[in-house]
Amino acid sequence: MTDTMSVPTHRLAPSTRGAATRGVARAVRRAPHTDLESAPVWMRAIGAVLLLGGLGLTAAVLGWPGDAPETALIVPALVAIAIGVLLLVARSGFTVTDTDVVLHFRPLPARRIARRRIADVRLVEADASTYGGIGLRLRRGVRALILTPGLGIEFTDDRGRVTFVRTRQPEEAFRALGSVR
């Protein structure tokens, strides 16, 4: 005797939600707010000079006939190439979703902070001297992503850690983060 109930079927199960219910679910879900800022022109120009200089020096050292003491120049050339690429691709910003705030500082991996952990959000004017330089600044209890001076978002989590992100559209970002509570 054959058990017909355990024979697999390749049909999709019918939807239990009606078309009206699916439309409502899409309307409630908000689009995430994303604000990314590229490196300033001067930083990209320095990156391009370092990259081209490093590539030129590498080509000259590797093209040198025989074993010469100039092979020690390959290390600074490779360092210049690496720093040049990092300066060219640098970008900071963040994305606000329904559940997380995602910090971006390219070329590093993104960092997620749960929105439920954010205790305070405010607009702050900042420059390089505010957080001790440009780029990713890490100090005790403070994290800053700053490439250019100007208005940005500073938020504090439930453990008292402060995070600053420079944005091009700070008011929109503030509204997106302001709906945390």
Side-chain angles (χ1 to χ4, degrees), residues 31-97 99-115 117-118 121-157 159 161-174 176-177:
H33 173 80
T34 300
D35 193 355
L36 298 174
E37 181 182 35
S38 294
V41 175
W42 65 266
M43 187 182 288
R44 291 188 305 224
I46 291 172
V49 168
L50 283 172
L51 179 63
L52 292 175
L55 288 172
L57 185 58
T58 301
V61 169
L62 292 178
W64 195 269
D67 286 335
E70 288 80 14
T71 56
L73 293 176
I74 199 75
V75 173
L78 294 176
V79 169
I81 290 171
I83 292 173
V85 168
L86 291 177
L87 290 176
L88 281 173
V89 302
R91 176 180 290 174
S92 70
F94 69 102
T95 301
V96 179
T97 65
T99 58
D100 297 316
V101 175
V102 184
L103 303 175
H104 305 282
F105 187 69
R106 194 170 70 182
L108 299 176
R111 180 179 174 90
R112 294 183 178 278
I113 299 172
R115 285 184 69 161
R117 301 198 60 195
I118 297 174
V121 179
R122 62 189 186 120
L123 293 172
V124 175
E125 184 78 27
D127 60 4
S129 65
T130 307
Y131 293 102
I134 60 170
L136 178 61
R137 313 310 301 170
L138 299 172
R139 294 190 310 207
R140 178 166 291 197
V142 177
R143 179 184 311 126
L145 298 170
I146 184 168
L147 292 177
T148 58
L151 198 58
I153 299 293
E154 182 180 271
F155 55 93
T156 308
D157 66 8
R159 289 184 266 176
R161 289 188 285 184
V162 175
T163 302
F164 174 82
V165 180
R166 166 76 175 92
T167 65
R168 290 177 292 147
Q169 303 163 345
E171 289 82 14
E172 289 181 31
F174 183 73
L177 279 171

*Would you say R112 and T99 make side-chain contact, with heavy atoms under 4.5 Å?*
no
*Is there a side-chain contact between D127 and T130 (heavy atoms, below 4.5 Å)?*
yes
_Measuring only between side-chain heavy atoms, which start at C-beta, is T163 closer than 4.5 Å to F94?_
no
*How long is the gap from CG on D157 to CD1 on I118, to the nearest 0.5 Å?*
8.0 Å
*What is the minimum heavy-atom distance between R143 and L103, and which atoms define it?*
NH1-CD1, 3.9 Å
*Output the distance between atom CG (L52) and atom CG (L57), rounded to the nearest 0.5 Å.*
12.5 Å
_Gap separating the CD1 atom of I46 from the CG atom of L88, nearest 0.5 angstrom_ = 11.0 Å
*Kindly give the heavy-atom pair with the smallest separation between F164 and A126, and that separation in Å.*
CZ-CB, 3.6 Å
*Taking all heavy atoms of R115 and all of V96, pick out the closest pair and write down the distance.*
NH1-CG1, 3.3 Å
*asked:* I want to check something: taking the side chain as every heavy atom from C-beta on, are L123 and I153 in contact at a cut-off of under 4.5 Å?
replied: yes
*What closest approach, in Å, do M43 and A90 show between heavy atoms, and which atom pair accounts for it?*
SD-CB, 4.4 Å
*For A110 and H104, which heavy atoms make the closest approach, and how far apart are they?*
CB-ND1, 3.9 Å
*Ignoring hydrogens and geometry, is there a side-chain-to-backbone donor-acceptor pair from R166 to T148 under 3.5 Å?*
yes
*Which atom pair, heavy atoms only, marks the closest approach of L87 to R44?*
O-CG, 4.1 Å
*Atom pair OH (Y131) and CD (E154), whose distance is rounded to the nearest 0.5 Å*: 4.0 Å
_Could you go through R111 and L145, starting from their C-alpha distance and side-chain angles, then the distance that decides it, and tell me whether this counts as side-chain contact (heavy atoms from CB on, under 4.5 Å)?_
CA-CA 12 Å; R111 180 179 174 90; L145 298 170; over 6 Å; no
*asked:* Do I74 and L62 make a side-chain contact, defined as non-hydrogen atoms from C-beta onward lying under 4.5 Å apart?
replied: yes
*So, D100 side chain and V102 main chain: donor-acceptor pair closer than 3.5 Å or not?*
no
